[in-house]
J.: 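Below is the structure I would like to discuss, written out as structure tokens.
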2 protein chains.
Amino acid sequence: MLAQATISPTAPTPLSYHSGQPVTEPSDLWSTATRQTCARNRSIYSEGDPADRVFKVVSGAVRTFQLLEDGRRQVNAFYLAGEIFGLEATGDYRFSAEAIVTSQILVLRRDRLTLRLTNEPALMGDLWRITACELERAQAHFALLGRKSAIERVASFLVSMGERSVTNGAIELPMSRQDIADFLGLTIETVSRTMTLLEEQRLIAMPSARRIVIRDRRPLMALDS
Amino acid sequence: MLAQATISPTAPTPLSYHSGQPVTEPSDLWSTATRQTCARNRSIYSEGDPADRVFKVVSGAVRTFQLLEDGRRQVNAFYLAGEIFGLEATGDYRFSAEAIVTSQILVLRRDRLTLRLTNEPALMGDLWRITACELERAQAHFALLGRKSAIERVASFLVSMGERSVTNGAIELPMSRQDIADFLGLTIETVSRTMTLLEEQRLIAMPSARRIVIRDRRPLMALDS
DNA sequence: CGCAAACTTGAGCGTACTCAAGCGCAGTGG
DNA sequence: CCACTGCGCTTGAGTACGCTCAAGTTTGCG
């Protein structure tokens, strides 16, 4: 709805990474993709499905995650408008993907992508860079999950979200506290308590649970390490 | 020394991944690489260095890691004989690499690789698959770091090492308890205590600290989830 | 307005951490 | 040959951070 005109699949779209540097991508890569609306909590693909499609978020937000047998969940990543997910080199999806809120996504069939790749081998390099970028982001997340305290994890998350999507001064969180907890390797209670703590310390403000304003960036960045 | 003949850089070498499926790689990709011996704890590259080389372990073992300002360390991965590391799509190395024990590694200059890629675009697909494989392994590690208990982490690690390198019935660990702790997001004491616990439960035997025998695979796999 | 879902807050507990001491083995030198 | 030394590993005791269980509050939506 909102940004549909600017992120039209037929227009040249810079592909922005979380890590910062935008990489231009062939203007019509997504021109043969179909647009699809996904309701909140709707599954996009599940662990074990054949990886026959690649996706790009137009609006909304998507989470990828894995479940342990006893129900413990690990959210691997959040994907916001403009970001690509489901790009596996081969085989089946290793993780599941769901829409966090009602979302518009572009769906590109894998065989179409393969076709394009045979005609334009240079494209392969772009895909590789996207995957490599994702890998770097994943590995950076290791230090957070393996070595950081709760307050450091939450601060890192807010700083990262602040760099990705800010609407007039406030971060709009599409995901629930549970999603955040499962992303940061914490419980929902710890996430909630920690955000309250950050608010008490005047580092952030919370006009509502899903809207976060960063009041003092410096100490948050310090916690980010 | 030992396996030099079979892992000769000029001979066709199947490239085996941790995830299992071997992928054939162009026989002479590493023919222009130089062989190098790295002493124990010797740095191979550091965070921030220009990513101008790609490496393949011939013998020994390598760790990649990141340091937080206060000295906390997160080991991202261990690379054993036959495995490739340092393959970044662009820019600088994001992490550091060190030899765990005295190791033989093949060093391929990035510009040579680029040259090969222009002549044989198909190679790019192989590189992409290597990176994608690494990404999958990284994301699988998320659940361990974010959601598993100490005993589950150690069990997962031992199962994984058992699949990668077994010498007549025993796992030879090239890395120290500290390396394992920093890989699993635990302390050295917890790793030690947990291994003792697994030994007391007769799931493993420890002829020595660096030699582990898996006595009962089933419950270990169960802990792995 | 009423209900359900999401979020917050509180109290008590447990797992893994911290700090500290002791052990075992390999290498070295008397 | 054996004491000495250093490093890596193990074990112990006490602590703390984040989890569990539970109740209460707020928000969003029919």
Side-chain angles (χ1 to χ4, degrees), chain A residues 39-41 61 63 68 70-75 100-102 144-158 171-201 204-212 223, chain B residues 40-41 61 63 68 70-74 100-102 144-158 171-201 204-212 223:
Chain A
R40 182 180 131 88
N41 291 331
R63 63 177 167 253
L68 303 187
D70 57 2
R72 281 177 291 179
R73 188 178 71 154
Q74 176 65 42
V75 169
I100 294 172
V101 295
T102 302
L144 183 146
L145 291 174
R147 286 287 172 240
K148 287 189 181 176
S149 66
I151 195 171
E152 290 172 323
R153 294 185 200 202
V154 172
S156 296
F157 173 70
L158 292 177
I171 302 167
E172 297 276 358
L173 296 178
M175 69 291 284
S176 69
R177 293 290 187 269
Q178 187 65 62
D179 287 328
I180 299 172
D182 289 343
F183 180 62
L184 299 180
L186 298 171
T187 59
I188 181 174
E189 294 96 332
T190 297
V191 170
S192 185
R193 269 187 259 271
T194 304
M195 291 192 125
T196 303
L197 185 67
L198 290 173
E199 191 179 32
E200 284 168 1
Q201 295 180 349
I204 65 171
M206 285 193 285
S208 77
R210 301 287 184 107
R211 301 194 74 218
I212 312 288
L223 284 170
Chain B
R40 183 180 131 87
N41 291 330
R63 62 177 167 252
L68 303 186
D70 57 3
R72 280 177 290 179
R73 187 179 72 155
Q74 176 65 42
I100 294 172
V101 293
T102 302
L144 183 147
L145 291 174
R147 286 286 171 239
K148 288 189 181 177
S149 66
I151 195 169
E152 290 172 324
R153 294 184 200 203
V154 172
S156 297
F157 173 70
L158 292 177
I171 302 167
E172 297 275 359
L173 298 178
M175 69 291 284
S176 70
R177 294 290 188 268
Q178 187 63 63
D179 287 328
I180 297 171
D182 289 344
F183 179 63
L184 298 179
L186 298 171
T187 59
I188 181 174
E189 293 96 333
T190 298
V191 170
S192 185
R193 271 187 258 271
T194 305
M195 291 192 122
T196 302
L197 185 68
L198 289 174
E199 191 180 32
E200 284 166 2
Q201 295 179 351
I204 64 171
M206 286 193 284
S208 76
R210 301 287 185 105
R211 301 194 75 218
I212 312 288
L223 284 170

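Here is how names work: the chains are called A, B, and so on, in the same order as the sequence lines, proteins then strands, and each is numbered from 1. Just so it is clear, the model here is predicted, and its values are computed rather than measured.
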J.: So, OP1 or OP2 of dT9(C): does either fall under 4.0 Å of a side-chain N or O from R193(A)?
T.: no
J.: Please determine whether a side-chain nitrogen or oxygen atom of T187(B) lies at a distance below 4.0 Å from atom OP1 or OP2 of dA16(C).
T.: no
J.: Can you find a side chain N or O atom of R210(A) that sits less than 4.0 Å from OP1 or OP2 on dC7(C)?
T.: yes
J.: Would you mind classifying the nucleic acid contact of S176(A) as base, sugar-phosphate or nothing, using non-hydrogen atoms under 4.0 angstrom?
T.: sugar-phosphate
J.: Ignoring backbone atoms, establish whether T190(A) has a side-chain N or O less than 4.0 Å from OP1 or OP2 of dG18(D).
T.: no
J.: What is the minimum heavy-atom distance between D182(B) and R147(A), and which atoms define it?
T.: OD1-NH2, 2.9 Å
J.: What is the distance from CG of L184(A) to P of dC17(D), rounded to the nearest Å?
T.: 18 Å
J.: Can you check the M206(A) CE to dA6(C) P distance for me, whole Å?
T.: 18 Å
J.: Could you say whether I188(B) or L186(A) is positioned toward the 5' end of DNA chain D, judged by the nucleotide with the nearest heavy atom to each?
T.: I188(B)
J.: What are the two closest heavy atoms between R40(A) and I100(A), and how far apart are they?
T.: CG-O, 3.4 Å
J.: Under 4.0 Å between any heavy atoms, over every strand shown, what does S208(B) touch: base, sugar-phosphate, or nothing? Just pick one.
T.: nothing
J.: Look at all strands and tell whether T196(B) reaches a base, only sugar-phosphate, or nothing, counting heavy atoms closer than 4.0 Å.
T.: sugar-phosphate
J.: Could you state the atom-to-atom distance from CD of Q178(A) to C1' of dT20(D) in whole Å?
T.: 13 Å
J.: Is the shortest heavy-atom distance from the side chain of L197(A) to the side chain of V154(A) under 4.5 Å?
T.: no
J.: Can you give me the closest heavy-atom contact between A155(A) and L223(A), atom names plus distance?
T.: CB-CB, 3.6 Å
J.: Send over the distance from R211(B) CZ to dA26(C) P, rounded to a whole Å.
T.: 13 Å
J.: For the pair made of CG in L145(A) and P in dA16(C), what is the distance, rounded to whole Å?
T.: 16 Å
J.: OP1, OP2 of dA6(C) versus side-chain N and O of R40(A): anything below 4.0 Å?
T.: yes
J.: Can you find a donor-acceptor pair, distance only, under 3.5 Å between E189(A) side chain and dC21(D) base?
T.: yes
J.: If you assign each of R177(A) and S149(B) to its closest nucleotide in DNA chain C, which residue comes earlier from the 5' end?
T.: R177(A)
J.: Could you pull out the closest heavy-atom pair between M195(A) and I204(A), with the gap in Å?
T.: O-CD1, 3.7 Å
